[in-house]
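Below: one structure, written as structure tokens.
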Amino acid sequence: MLQGESHEPHPFTESEAETVQKALLSVVVSERLLIKGGRVVNDDQSLYADVYVEDGIIKQVGENLIVPGGVKVIEANGCMVIPGGIDVNTCLHKPYLGTPPVDDFYQGTKAALAGGTTMIIDHVTPQPGDGLLEAFEKWQEAADKKSCCDYSLHVDIPHWHEGVKEELEQLVQEKGINSFQVYMAYKGLYQMPDSQLYEAFSFLKELGAVVLVHAENGDLIAQEQSKILGMGIIGPEGHPLSRPEELEAEAVFRAITIGNRVNCPVYITKVMSKSAAETVAIARKKGSVVFGEPITASLATDGSHYWSKNWAKAAAYVTSPPLSPDPTTPEHLHSLLACGDLQVVGSGHCAYSTSQKAIGKDNFTLIPEGTNGVEERMGFVWDKAVAMGKMDENQFVAVTSTNAAKIFNLYPRKGRIAVGSDADIVIWDPDKIKTITAKSQQSALEYNIFEGMDCRGGPLHVVSQGRVVFEEGKLQVQQGTGRFISRKPFPDFAYQRIKYRNKIMNMQGVSRGMYDGPVYDVPATPKYITPAPSAKTSPTTHQPPPIRNLHQSNFSLSGSQIDDNIPRRSGHRIVAPPGGRSNITSLG
Amino acid sequence: MSFQAKKSNPRVTSDKLIIKGGKIVNDDQSFYADIYVEDGIIKQIGENLIVPTGVKTVDAYGHIVIPGGIDVNTCLQAPHLGMSPADDFYHGTRAALAGGTTMIIDHVVPEPGSSLLSAFDQWKDTADKRSCCDYSLHIDITRWHDGLFEELESLVKDKGVNSFLIFMAYKDKFQSSDTQIYEMFSAMRELGAIAQVHAENGDIIEEEQKKLLDLGITGPEGHVLSHPEEVETEAVYRAITIAKQANCPLYITKVMSKPAADLIAKARKKGMVIYGEPIAASLGTDGSHYWSKNWAEAAAFVMSPPLNPDTSTPDYLNSLLSCGDLQVTASANCTFTTAQKAVGKDDFTFIPEGTNGIEERMSIVWDKAVATGKMDENDFVAVTSTNAAKIFNLYPRKGRIAVGSDADIVIWNTKETRTFSAKTHNLTVEVNIFEGMECRGFPVLVISQGRIVLEDGTLSVMEGSGRFIPRKAYPDYVYKRIKARSRMADARGVPRGNYDGPVHDVISMTKSVPATPTTRGPSCPGKTPLGPTRNLHQSGFTLSGTQMDDHIPRRTAQKIVAPPGGRSNITSLS
């Protein structure tokens with residue numbers, strides 16, 4: 001346990017919450033809302049306006065709205081009215097060695113709403129042996145029962161094989177999934193070699209999906225882990241020692257390279273270190289379609305805690321990629337987020353109790369990975385970026401909500417306050433100060449990695465699906481109200497550029513007369529032949545008989561030139577290749 | 001095993017020479033002095049030397065006198081699809097001498113799975129018989145397995161090999177995985193050897209090749225299209241990352257593109273022990289020729305990594321070479337006749353890879369870097385000879401004009417020009433990728449092992465006179481820093497009391513345990529695992545670890561700014 005020997009009961013235990021919800025149910029459904037006197041902040045502009053909500057949809061935005069009588073009025077008193085946050089990286093159902101995380105869809109979405117997040121996208125992690133569809137259905141079922149806010153799902157691809165393709169196609173076309181995660185780490189478990197990554201990227205691009213990448217070099221991690229265990233280091237400090245930030249940056253670089261080759265949008269989940277973030281930023285400057293997602297933990301704390309003398313505390317921070325021990329990392333990541341080099345803030349929320357973490361008490365490689373952050377996400381971005389003057393309120397909306405909605409094709413239904421959009425609205429108080437503590441959190445965890453940190457900025461009211469779910473510090477949520485939001489493929493924000501590049505990236509061969517000079521006889525050495533393209537050689541080239549015949553020619557008269565009898569020389573140069581450079585992403 | 005000159009040729013030893021009136025240029029300074037050579041060794045340097053009578057006098061007035069070039073990347077023996085290169089040790093070293101290079105280091109390429117030692121012996125036998133200048137050998141590790149360590153050890157300790165090449169490309173043939181590369185790097189650090197890397201992402205290349213062949217692109221332009229510079233850059237980045245983890249010195253062979261060179265420069269600035277080797281082709285020409293309408297010309301340029309289609313690449317690489325960001329120039333000379341190249345006439349993936357450059361290398365550097373004012377004559381000596389000698393532990397026997405050094409000396413004409421052509425070059429291959437290029441700077445006289453082998457444009461080489469030069473492990477130039485870092489880089493654990501709180505019951509261990517590390521007692525047997533009920537009062541402390549303030553809840557606010565174990569990564573000097 002991190003701290004405190006005793007806990008106050010939560011403001012709402014499950015049973016209490018349910019009674020309240022039932023009482024409110026009739027009111028809830030028909031709720032009509034007018035949010036008055038607030039400043040509506042979208043990612044592009046801020047304006048003073050009232051917002052009228054009916055049937056879970058924003059019906060009017062403007063001044064002096066004409067609304068029916070008897071609507072509930074929320075006085076925003078000059079506070080900001082922002083689109084509800086979207087947390088695109090949670091793991092609320094991902095089991096570790098068969099045990100589920102302590103925050104399930106109910107606990108997790110409750111915490112999300114309390115922090116101003118009105119939609120989550122959770123990771124479906126098929127267990128070895130499970131099909132993707134099967135796993136997707138399990139997740140959807142669990143979420144439909146428990147989720148308190150709208151949700152969508154990413155599907156992780158644990159293994160790449162031919163059979164996966166059909167499932168992916170079905171998920172994209174019938175199930176409303178447009179994002180899939182691949183892993184460059186977890187050797188022997190989820191890790192894919194580069195050739196599979198290339199195939200997966202190519203296939204997902206055809207489907208119009210966004211590729212999420214867990215970027216760490218798994219081969220090297222495995223080596224470092226066995227080295228560090230061999231040195232007798234078994235505590236949580238072994239975790240960051242075995243996963244230095246270079247391994248993260250290397251994998252990010254490789255993922256971007258493959259993305260460029262395939263011409264496919266790449267989304268790096270959990271950007272935890274400066275060097276990984278820089279790699280994303282540089283690639284964007286060169287024109288790559290790549291997005292980077294720092295998470296609550298990397299934005300608010302650092303990896304020095306792994307060296308804590310308290311095992312439970314140190315273990316609480318174990319997540320992959322690990323928090324960087326460099327204490328200047330959070331500030332740097334905020335700066336990149338502010339200038340647009342990083343785009344989306346996730347939470348990577350995956351809560352395992354101390355006793356679950358203790359499975360790895362004698363071996364850090366067995367500690368289940370994950371930290372909390374779904375509730376604290378928006379607060380810390382405000383506290384560390386907006387309140388510090390790095391970022392303005394519009395950019396705040398962009399990184400906590402709008403960009404995610406655009407990338408994952410939820411926009412403008414989510415991520416914007418506009419007529420016709422879903423009424424997921426947060427009234428944000430920039431001056432509210434809250435001390436983060438496990439005692440008052442919504443998460444079922446007994447610790448909080450941000451314990452004791454003060455955070456400026458927080459939600460006053462949270463409206464989800466047109467219902468007020470958080471007011472005056474009190475949550476009124478209802479299990480199972482969350483809807484699955486399906487997402488179409490080919491999000492414009494990610495794919496428009498890709499489509500244009502596809503058109504110009506066509507490679508062309510040089511049309512030239514056939515070579516008709518002597519051809520050296522290759523002794524049959526199948527060993528040396530490059531394996532892949534062998535099938536594609538034209539049948540005529542197949543190895544000539546072992547006797548060397550210098551006079552043999554495959555040449556037809558159609559291609560001969562007047563100077564054919566003159567030996568060819570390389571003297572004539574063509575300075576600019578007529579095919580152009582193949583690589584259009586080097587805009588510089 | 002003794003390394004020392006087994007062949008003492010009487011003609012060689014009796015050559016006594018005095019080189020008069022030239023300006024001696026080493027990598028650190030230039031000065032006017034005469035040089036007296038006897039028995040293949042430089043015996044005296046200075047003015048007004050007292051020498052025996054009857055000594056042959058060489059006049060170097062108006063020219064510079066430099067240490068003979070060292071070309072550390074040649075393939076004069078490695079077969080491709082069973083075809084031997086057009087130029088073997090005899091023709092290759094002859095051309096080397098004609099261009100002012102007096103020593104080569106050739107790549108031994110064993111068949112994957114075969115013994116490194118026997119391949120080494122095979123190469124050495126051939127070279128002993130055929131080579132006209134001193135030589136040494138790199139060994140390419142074409143397939144790594146644990147048993148190979150002993151072979152490496154015996155090569156390093158008994159055979160005088162201190163450098164090995166690892167492939168990140170040529171999938172299913174030579175390519176190694178990251179895990180294997182890490183293991184090889186670790187082995188090499190242990191042995192004091194230098195890890196050379198052919199840096200290209202073989203996985204991506206293979207996919208690109210398939211794609212291009214599907215598009216119907218079968219000509220040599222497919223080669224460059226399937227080996228884009230990004231793929232080279234990615235592999236360089238990965239090699240640097242792995243080398244850093246393994247704390248092993250890294251040498252990137254054939255730096256062909258700007259971003260790859262930039263990465264090396266950047267890694268050096270961060271303190272990495274890394275060296276980059278551009279080659280004659282990447283310094284002297286570019287990849288526009290792959291689009292030539294003439295198949296044979298286009299195919300002549302095929303090599304991996306390919307020449308870059310960006311025509312400003314040579315200029316850029318010469319600049320990095322001049323400022324020290326790249327250190328060594330080689331030729332990667334590996335020639336195949338047009339008939340041999342034509343094996344791939346219907347499928348570019350079959351075109352044997354390699355270009356010429358062994359003869360042109362030094363002139364190209366002079367013309368593109370020194371004559372253009374990018375580098376001075378001392379840097380010229382450094383990048384064509386001295387740096388290579390230092391990195392591969394030949395210094396000061398090679399790479400320097402000093403008393404006691406081998407008499408591998410070149411008298412270099414800095415003013416006049418020479419034109420490269422397949423008609424006049426000393427290789428047998430019928431194409432020269434530098435055809436028609438006019439270069440300032442060329443050797444007027446070359447001395448190898450104390451004998452004049454080139455004079456007045458005439459070569460007088462002797463087949464088999466080249467000696468194998470063994471190289472010791474742990475070259476100081478490379479390993480001094482590595483050794484100091486090994487001492488510092490120990491990671492340390494945190495001493496803490498045992499965790500004795502509840503441990504969650506693990507239902508099925510087998511399925512999803514991370515692969516590599518073995519389970520070391522998943523849970524403490526004495527503890528009853530906690531059920532699903534949440535127990536908020538449970539604490540994780542034993543008395544042994546208690547502190548006075550244990551009753552005060554711990555706050556994260558007290559940050560430990562510098563982790564007590566220190567950052568594991570000492571190469572971040574910043």
Side-chain angles (χ1 to χ4, degrees), chain A residues 1 3-4 7 97-98 187-188 194-195 198 219 222-223 225-226 229 233 235 237 241 246 250 253-254 257 304 307 309 311-312 325 355-356 358 361-363 365 451-452 507 509-510 512 515 518-520 522-523 525 528 530-533 536-538 541 568 570-571 575 577-578 581-583, chain B residues 81-82 172 178-179 182 203 206-207 209 213 217 219 221 225 228 230 234 237-238 241 245 288 291 293-297 309 339-340 342-343 345-347 349 435-436 491 493-494 496 499 502-504 506-508 514-517 520-521 530 536 540 553-557 560-561 563-564 568:
Chain A
M1 292 229 297
Q3 59 104 36
H7 260 281
L97 300 177
K187 195 183 172 193
D194 293 354
S195 49
Y198 189 103
D219 276 16
Q223 293 285 344
Q225 283 178 337
S226 48
L229 288 173
I233 299 175
E237 68 278 12
L241 289 175
E246 282 90 354
E250 186 281 315
F253 195 94
R254 187 148 42 99
T257 304
S304 54
W307 279 264
K309 294 269 184 193
W311 189 92
S355 68
Q356 285 175 313
K361 74 189 179 57
D362 297 319
N363 179 347
T365 64
E451 186 70 39
M507 298 192 217
V510 175
R512 45 167 93 82
Y515 172 83
V519 179
Y520 194 89
V522 182
T525 47
Y528 266 103
T530 337
K536 314 239 162 55
T537 31
S538 67
T541 52
R568 274 142 209 267
S570 55
V575 175
R581 297 192 60 207
S582 66
N583 180 354
Chain B
L81 296 172
D172 298 331
D178 291 359
T179 305
Y182 183 94
D203 277 17
E206 199 197 71
E207 298 289 339
Q209 285 177 339
L213 289 170
I217 298 175
E221 68 278 10
L225 292 173
E230 277 182 309
E234 188 283 314
Y237 196 107
R238 188 149 41 98
T241 308
Q245 287 313 116
S288 53
W291 281 267
K293 292 271 182 196
N294 179 335
W295 189 92
E297 187 197 331
Q340 288 175 319
V343 167
K345 74 190 176 58
D346 297 316
D347 179 344
T349 63
E435 187 72 38
V494 175
R496 46 168 93 83
Y499 172 84
V503 178
H504 203 282
V506 177
I507 296 164
S508 58
T516 23
R520 301 179 157 201
L530 195 64
L536 293 172
R554 281 162 199 255
R555 302 251 158 218
T556 48
I560 301 159
V561 176
S568 65

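Only this structure's heavy atoms are used, side chains among them; waters, hydrogens and symmetry mates stay out. Here is the naming used below: chain letters follow the sequence lines, and residue numbers restart at 1 for every chain.
A:R254 CZ to B:E230 CD: the interatomic distance, rounded to the nearest 0.5 Å, is 14.5 Å. With values rounded to the nearest 0.5 angstrom, B:R238 atom CZ is found 9.0 Å from A:T257 atom OG1. Taken from NZ in B:K345 to OH in A:Y515, the straight-line distance is 9.0 Å, to the nearest 0.5 Å.
Considering every non-hydrogen atom in both A:A358 and B:P502, the closest pair reads CB-O, 3.5 Å. When every heavy atom of B:W291 is checked against every heavy atom of A:V510, the shortest pair comes out as CD1-CG2, 3.4 Å. The minimum heavy-atom distance linking A:K361 with B:Y499 is given by the pair CD-CD2, 3.5 Å.
Listed for the A:E237 side chain is a donor-acceptor partner under 3.5 Å among the backbone atoms of B:V494.
Classification of A:R512 and B:E221 as a salt-bridged pair holds, one side-chain N sitting under 4.0 Å from a carboxylate O.
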For side-chain contact (heavy atoms from CB on, under 4.5 Å), just list the numbers for B:H504 and A:L97, CA-CA rounded to whole Å, side-chain angles, deciding distance to a tenth of an Å, and then say yes or no.
-> CA-CA 10 Å; B:H504 203 282; A:L97 300 177; over 6 Å; no

